[in-house]
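First up is the structure itself, then whatever we jot down about it.
In what follows, chains carry the letters A, B, and so on, assigned in the order in which the sequence lines appear, proteins first and then strands, with residues in each chain numbered from 1.
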Amino acid sequence: MLQVSYIRENREHVLERLAVKNFKQPELVDEVIKLDEQRRQTQNTLDGISAESNAAAKQIGELMRTGKKEEAEAIKSKSNTYKEDIKKLSEQLSSIEQELQQKTVLLPNLPHVSVPKGSTPEENEVVLEHGARPELPANALPHWELAAKYNLIDFELGVKITGAGFPVYKGKGAKLQRALIAFFLDEAEKAGYDERMVPHVVNEASGFGTGQLPDKEGQMYHVGVDNLYLIPTAEVPITNLYRDVILKADELPVQNCGYTPCFRREAGSYGAHVRGLNRLHQFDKVELVQVTHPDQSYEVLEQMSAHVQGLLQKLGLPYRVLRLCGGDMSFTAALTYDMETWSAAQQRWLEVSSVSNFETFQSNRLKLRFRNSEGKTQLAHTLNGSALALPRIVATLLENNQTETGIKIPEVLVPYTKFEWID
RNA sequence: GGAGAGGUGUCUGAGUGGUCGAAAGAGCACGCCUGGAAAGUGUGUAUACGCCAAAAGUGUAUCGAGGGUUCGAAUCCCUCCCUCUCCGCCA
């Protein structure tokens with residue numbers, strides 16, 4: 001959520017940035033400014049009357065104590081008139097505040113200056129491409145066929161016990177999952193991240209804090225009886241660890257990592273591109289979260305991007321890095337890098353990580369602050385990134401490393417899998 | 001699920017209608033003391049919003065949340081949420 005005071009003082013800039021994001025309702029900006037004006041005016045009047053009312057109450061107390069009952073009664077009747085005004089004004093104020101909040105929440109984050117204009121994925125900027133795309137033999141198989149051939153993943157069983165998009169991993173397939181999770185967590189720890197193991201369901205306040213609610217309600221599984229949501233990413237519980245927190249300056253940056261399964265309804269996305277592991281309702285992911293000083297967040301974003309790229313390099317996967325254009329970025333992000341691996345059998349790029357700086361967009365909702373050098377509270381910046389999401393990594397590994405005799409496990413993973421080949 | 005107790009500042013904890021944004025202690029910060037440290041000692045130590053060009057200052061709100069009684073509520077009443085203890089169930 002953008003800060004209303006910022007919108008008020010930087011109207012032109014806000015409008016200009018929202019245009020980069022292809023925001024369709026720029027008129028909301030002026031509505032917000034107008035409501036804020038009303039809010040301040042109303043509060044001003046209310047505060048004045050409250051002050052008078054408080055003074056009168058105090059005076060009555062004084063008179064009662066000194067036994068001047070008659071005088072006290074006189075003021076009492078006067079005080080009663082304040083009461084009505086106060087009630088009316090505070091109702092007015094809270095309805096203005098509510099409306100202001102409802103409108104402000106509809107404004108997406110402002111894109112960073114480096115974000116390219118554009119509205120479709122084709123307009124994303126390719127920052128770099130790394131590693132050669134492997135040449136596969138003519139009879140190379142897509143990962144879902146490899147998974148079946150080597151008995152690694154059973155999609156049908158998942159359908160039977162749950163539904164489409166909930167695969168069952170078996171044998172070496174299951175071990176590969178565990179190996180990747182452990183590898184990613186170890187690498188994160190080496191890079192200075194402190195691990196968190198968190199709940200996989202969250203309450204409404206947490207969903208709001210990171211921006212999933214009320215916007216993307218339909219993307220999450222909702223547990224109706226308890227009004228809880230299955231997490232779509234570890235970003236939600238881990239970032240919310242710092243909701244309503246004021247950090248000391250020397251506690252920054254906060255660096256956390258964590259593994260969780262992720263649950264996404266993915267309503268309406270079916271077809272050839274979601275075959276196999278390409279798009280699931282439940283998948284595993286190791287997530288990085290950082291809370292930083294505003295001056296450092298972009299430097300940290302680059303570090304996180306470098307960390308993710310390091311993982312892909314160690315796994316020997318060809319990849320590219322995209323800087324998302326305004327229209328393709330999420331509602332909450334100011335700048336996002338997507339990492340995609342080249343899936344050799346499918347002949348296409350698969351998104352395996354998304355690293356974003358949210359600046360103060362989340363922290364304003366979370367009330368996540370730190371005490372700056374002047375001793376004042378200030379909103380911190382939040383960032384997060386997948387490091388990494390497993391299914392598409394597995395898909396690429398299986399496809400790119402297939403040979404006539406089996407699938408070669410990357411060397412860095414062997415200490416975790418305890419086997420070198422899937423055959 | 002049944003029965004009971006309770007939610008106050010960073011923490012412990014006092015406060016049952018007015019002088020309470022809130023005693024006291026601990027912690028923390030800064031200063032004094034010291035060769036240095038400990039001890040001792042002094043001062044300070046919530047957040048948000050408004051007014052003000054800004055600072056200083058000042059107004060308002062906040063003692064789990066929301067509503068009510070009252071001139072006045074941390075304190076009384078109602079509703080909800082949460083935590084703890086005991087019982088039941090149980091990895």
Heavy-atom pair with the smallest gap, counting every atom of A/Pro253 and A/Gln290: CB-OE1, 3.7 Å
Rounded [atom1] spacing from [N] to [M] in Å:
N	M	atom1	answer
B/C63	B/C11	P	16 Å
B/U8	B/A46	C1'	13 Å
B/A14	B/G25	C1'	11 Å
B/G50	B/U45	P	23 Å
B/G27	B/A39	P	8 Å
B/G17	B/G59	P	27 Å
B/G66	B/A61	C1'	15 Å
B/G13	B/G31	P	33 Å

Ring centers of A/Tyr298, A/His112 separated by less than 6.0 Å: yes
A/Phe263-A/His281 aromatic ring centre distance below 6.0 Å: no
Trace of the side-chain hydrogen bond (donor to acceptor under 3.5 Å, both in side chains) decision for A/Glu52 with A/Tyr82: CA-CA 8 Å; A/Glu52 282 181 49; A/Tyr82 292 137; 3.0 Å; yes
Dot-bracket encoding of pairs in RNA chain B, which uses [ ] for pseudoknotted crossings and | for another strand, Watson-Crick or G-U under 3.5 angstrom: ((((((((.[[[..)..(.....]]]((((((.......))))))((((((.....)))))).[[[[[..)....]]]]])))))))....
Checking all strands, does [X] fall into the base, sugar-phosphate, or nothing category for heavy-atom contacts under 4.0 angstrom?
X	value
A/Ile246	sugar-phosphate
A/Thr377	sugar-phosphate
A/Ala56	nothing

Rounded distance (nearest 0.5 Å) linking atom CZ of A/Arg178 with atom NZ of A/Lys418: 7.5 Å
Backbone of A/Lys21 reached by a side-chain donor or acceptor of A/Lys117 within 3.5 Å: no
Heavy-atom contact window of chain A on RNA chain B, given 5' to 3' at under 4.0 Å: B/G18 to B/G72
Aromatic ring pairing A/Phe361/A/Phe331, orientation class (parallel under 30°, perpendicular over 60°, tilted between): perpendicular
